Amino acid sequence: MRRILAALWFSIKSAGQNFRRNLGVSLAGVFTMGLILFLVGGALLFTHSVNSILQAQQANASKIKIYLSDSASLASIADFQTRLQHDPRVISVSFESKDQAAKEASQDPDIQQALSTLGSNPLPASLNLDIKQLTDLARFDQMAKSTPIADKTTATDYNPDVINKLHTVINIIEVVGGVIALILFVISLVIIMNTIRTAVYARRTEIEIMKLVGATDWFVRWPFILEGIIGGVLAAVFSGGVVFAGYHVFVQAAQRSLLSLPFDGSYTVTLLILLVVGGVCVGALGSYMGVRRFLSV
Amino acid sequence: MAVAERPEVAMQLNLRPVISFHGVSKVYPTGTVALRDVELAVLQGDFCFLVGASGAGKSTLVRLLIREEVASTGRIFVDGQEITRMARRRLPKLRRKFGIVFQDYKLLSKRTVAQNVAFALQVTRPGQRHLREKVEEVLWIVGLEDKVDKYPDELSGGEQQRVAIARALVHRPRIFVADEPTGNLDPDTSWGIVQLLLQINHRGTTVLMATHNREVVDLVRRRVIAIEGGRVIRDEAQGSYLRPGEATL
């Protein structure tokens, strides 16, 4: 027990000493790791923000109006509405009468003028559906067209062009985000391994002596791994702070430009934890792999 | 005739070799043959010079002994244990039997003399009691008791080599291996280092010293193992650097 504690204490002490003695190389490592964690954190937050904006758009987009024929009876409309309400793909259904439609449309002064010129109300009543999945819109459009109570000329306000475009944009952003994250991951691993290798190279004599006097491989490794962990945590805290501040500024700018982007506090906390865990893992793993080459004495 | 060369005498004295090489060859991946069919036995308490020109195979022999390299063929025993096929995880224990010094002292420049010496114990025997006393004792043996808090840069070459010797001694090795320890030192200083190695040998530690230093070898008159082209060409109990009539080595 005494020996284990002494070994642990020696590891912690020499990790700290090494960090201070080779401050330049250590800080360069922390800075590189911090920069990459910052990029990863920034990319994750950016993707998350774009996604939440798009999700808001998608929520708006996944609405469809089924225009009702003027000749449809109230009973058949109520019947159809109940059927839709029980459909698992539907979030909500509401009925909009001809008068409500006219009132809604009158908010546009041109339409109001046209309506008053006409004297009668040509706008149809409608069932307004809120749907879970954007992809289901086309099916509801089809369903409406085959329903006798729907308006014969314009069954719905479904516009496949807009929907398809939005869908393509979401797909592209997801793919591009994934590719960028993958590239960043590979670059970061290579840079971190080389930085740590440089730091380890600066202390190859120490490793050589340890091996020659009969220290075990793990005894040689531990101070380096601890040092990698210290560096990883410092890098995560530094990059987390910058990402957090950047996110704050970004959200404010987005809100000024009227984008519906709320400040997602819980995601930020998750991200900070993720960065620290990532920093610790990358620091430890990088040190382990960096030392391995010099252990073969 | 050295005891090691007379197995029957060694048996009678109940002496077992602390180091033995049996038909050892070493071929590097590049194809260079560094050692050929080496037979060698060193008894506990021996003092041996390993002599030969650069590239003769002295350093390879030392590296095989401490298992920095693995022999291509043949078997090597240290303290009764076969080391050629020893598992990697057992190497630390093997290396603790040795005290090793090199031509380039391999000191840590950012640690003091005492810290350099203590380092060897801290990394092999964490939690060692009376660390300070042990370090001071070996520094006294090598004559550096007044340089405890100096840094390597503040010492002369000879003093730095003494620190390296103290570091190699502090865990009380059974075998002391010195690879060209006087290679960078002037004759007077070299002589001081050899005196120190003889003193270590006098305390019962086996000493193996690979060297180029002709004056030292000829003055000390101890066992000389001469290597040329990877072969042991001469093994004499009280040898000299060159055989009479030999022009160069």
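Because the structure is predicted, anything quoted here is derived from the model rather than measured. All heavy atoms count here, side chains included; hydrogens, waters and symmetry mates do not. Sequence lines set the chain letters: A, B, ... in the order given, protein chains first and strands last, and positions in each chain run from 1.
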Side chain to side chain contact (heavy atoms under 4.5 Å, CB included) between A/L212 and B/F102, intermediate numbers included: CA-CA 11 Å; A/L212 281 177; B/F102 295 93; 3.3 Å; yes

Could you walk me through whether B/R111 and A/E206 satisfy the side chain to side chain contact (heavy atoms under 4.5 Å, CB included) test, starting with their C-alpha distance in whole Å, then the side-chain angles of each, then the deciding distance to 0.1 Å, before giving a yes or no? CA-CA 11 Å; B/R111 291 177 195 259; A/E206 202 173 314; 3.9 Å; yes

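The CD1 atom of B/I100 sits 11.5 Å away from the CD1 atom of A/I209 when rounded to the nearest 0.5 Å. Note that the NZ atom of A/K13 and the CD atom of B/Q122 stand 6.0 Å from one another [nearest 0.5 Å]. Between A/K211 atom NZ and B/L91 atom CG the span is 7.0 Å, to the nearest 0.5 Å.
The existence of a salt bridge linking B/R89 and A/D217 is excluded, since no basic side-chain nitrogen approaches an acidic carboxylate oxygen closer than 4.0 Å.
More than 12 heavy atoms of other residues, nucleotides or ligands sit less than 6.0 Å from atom CZ of A/F10. Counting heavy-atom neighbours within 6.0 Å of A/I4 CD1, excluding the residue itself, gives a total of 12 or less. Within a 6.0 Å radius of CH2 in B/W140, other residues, nucleotides and ligands contribute 12 heavy atoms or fewer. Counting heavy atoms of neighbouring residues, nucleotides and ligands inside a 6.0 Å radius, atom NZ of B/K106 exceeds 12 of them. In the displayed structure, B/R172 atom CZ is contacted under 6.0 Å by at most 12 heavy atoms of other residues, nucleotides or ligands. The neighbour count for A/Y267 OH, taken as heavy atoms of other residues, nucleotides or ligands under 6.0 Å away, is above 12. Other residues, nucleotides and ligands place no more than 12 heavy atoms under 6.0 Å from the OH atom of A/Y201.
The minimum heavy-atom distance linking A/A215 with B/V123 is given by the pair CB-O, 3.5 Å.
With a threshold of 4.5 angstrom between heavy atoms, B/F119 approaches chain A through side-chain atoms but not through N, CA, C or O. Both the backbone and the side chain of B/R129 come within contact range of chain A, each with at least one heavy atom under 4.5 Å from a heavy atom of that chain.
When each of B/R167, B/H171, B/K93 is scored by its heavy-atom pairs under 4.5 Å with chain A, the top score falls to B/R167. Chosen from A/G214, A/A6, A/A7, the residue pairing most often with chain B at heavy-atom distances under 4.5 Å is A/G214.
Inter-residue side-chain proximity for B/P92 and A/F219 is flagged as unmet; no heavy-atom pair is nearer than 4.5 Å.
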